[in-house]
Amino acid sequence: MKTDHLNDQSIQRYIFDFDNCDNSILEHIDSCEICLQIADNYKLLSKDLKNLENPVLNDNLGDLILEKITNKIEQKKSKKDYTYISAIVFIVIGVIAMMISAFKVELINQVETNNMYLYLIISIGVFMTILLSIDSFRSFNLKMNKMN
Amino acid sequence: MKQEQLVDNDLIKRVLEGDSNAFKLIISKTQGLVIQIIYKMVNNREDREDLAQEVYFKVYNKLSSFRFNSKLSTWIGAITYNTCINHLKKKRIPILDIETEDEKDIWEIISMDNLNSESNLTEGYVLNKERSQILKLEVEKLPPLYKTIVTLFHVEELSYKEISKITNLPEGTLKNYLFRARKKLRDNLLLNYKKDDL
């Protein structure tokens, strides 16, 4: 058993890091009232620290963070979906343009004979594009509603 | 895999699939720890609010890189701590003043001085008298790093290993800082009482 009093670090180790505490420290504290009292005070200090009031974010900041994060997630998602819609629209336009260019000669002949065919093809193309866009937009809205 | 890890895994998967409610759950599970760290590291109220938001934006953006080397809460704690450290660096606020670092020798002397019976009576009294309020003030006076590790250990009841992962400090250094922080708290409480007594 040590005859000198323990230093503060050893007393704290006894309280807060018991597994790494030397036997000599245990023996001393068991037989020394002064060191035991300091150890008890540290226990009390620890208990008081535990009981201190927890900080709270004012004005429902927690909710505000949630809201902002959610908005950001939704913004990201809607950006993604708009990119998807735009891609579809461009592809459809591209396909129509390719078709027109491939059948250009025939179209010109047709136009010469009857403009109605050209107008019909263009109208169908535009109509399909609008339908596809509306459908994509609806599925996007459905997904968003599901998330909410 | 532990139950907690399974739950975290499921939440992360859901967030990555775009489920914002899952992210709300992550926030509600971890905001206590995040707020504690921010409050202990940063004093300015507006900065605290901005930092809390910044932390969760970072968490959201980095979530796909989380590899379960630690608990999700510990990982978020580490992001919070690093965000606060960067903030303090920008503001040129030291997380641990040099005076605190070099006080080891004085420490031991004070420690031996306190071993007489009179100071022990004082301690007993000061630790009973309105100690919660006094303690709160004394904790606020500690340097940011000490405040944070004391709170993580005593209030959040995290292990040395978890605090070490959050602060990126070696366990030995962490324990040493905790010893000093508690000692400083105890000495300041004593000093506070003696001042009142005069």
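Numbered from 1 within each chain, the chains take letters A, B, ... in sequence-line order.
In this structure, no portion of Gln133(B) lies under 4.5 Å from any heavy atom of chain A. For a residue to count as touching a neighbouring chain, one of its non-hydrogen atoms must lie under 4.5 Å from one of that chain's; by this rule Val34(B) does not touch chain A. Residue Ile38(B) does not touch chain A at all, counting heavy-atom pairs closer than 4.5 Å.
Contact annotation: the side chain of Ile38(A) approaches that of Arg186(B) to within less than 4.5 Å [non-hydrogen atoms, C-beta and beyond]. Counting heavy atoms from C-beta on, the side chains of Gln12(A) and Lys175(B) never come closer than 4.5 Å. Between Asn176(B) and Gln9(A) there is a side-chain heavy-atom pair separated by less than 4.5 Å.
Counting only residues at least two apart or in different chains, salt bridge (Lys or Arg N to Asp or Glu O under 4.0 Å) contacts with residues 118-127 of chain A are absent.
Applying the side-chain hydrogen bond (donor to acceptor under 3.5 Å, both in side chains) criterion to Asn20(A), with sequence neighbours excluded, gives Asp17(A). In this structure, the salt bridge (charged side-chain N to carboxylate O under 4.0 Å, His left out) partners of Lys29(B), at least two apart in sequence or on a different chain, are Asp8(B).
Linking Ile, Leu, Val, Met, Phe, Trp and Tyr whenever their side-chain heavy atoms come within less than 4.5 Å leaves Val56(A) and Val155(B) in two separate clusters. Using a 4.5 Å cut-off between side-chain heavy atoms of Ile, Leu, Val, Met, Phe, Trp and Tyr, with links allowed through other members, Leu16(B) and Phe23(B) fall into the same hydrophobic cluster. Placement of Phe18(A) and Phe153(B) within a single hydrophobic cluster is found when ILVMFWY residues are connected by side-chain heavy-atom separations under 4.5 Å, directly or transitively. Cluster membership for Leu158(B) and Ile35(B), using ILVMFWY side-chain heavy atoms within less than 4.5 angstrom, is shared. Val92(A) and Leu131(A) are not part of a single hydrophobic cluster, where members link through side-chain heavy atoms under 4.5 Å apart.
One finds the CG atom of Asn54(A) at 11.0 Å from the OH atom of Tyr39(B) (value rounded to the nearest 0.5 Å). The distance from atom CG of Asp187(B) to atom CG of Asp8(A), rounded to the nearest 0.5 Å, is 7.5 Å.
Contacts between residues 67-85 of chain B and chain A, counted as heavy-atom pairs separated by less than 4.5 Å, involve no residue at all.
Listed options Glu157(B), Arg182(B), Gln36(B), Lys24(B) were ranked by heavy-atom pairs under 4.5 angstrom with chain A; first place goes to Arg182(B).
When all heavy atoms of Tyr160(B) and Phe16(A) are compared, the closest pair comes out as OH-O, 3.0 Å. In this structure, Leu135(B) and Leu49(A) approach most closely via the heavy-atom pair CD2-N, 3.7 Å. Here the closest heavy-atom approach between residue Val139(B) and residue Leu52(A) is recorded as CG2-CD1, 4.1 Å.
Counted within 6.0 Å of NZ on Lys50(A), heavy atoms from surrounding residues, nucleotides or ligands total more than 12; the atom is thus considered enclosed.
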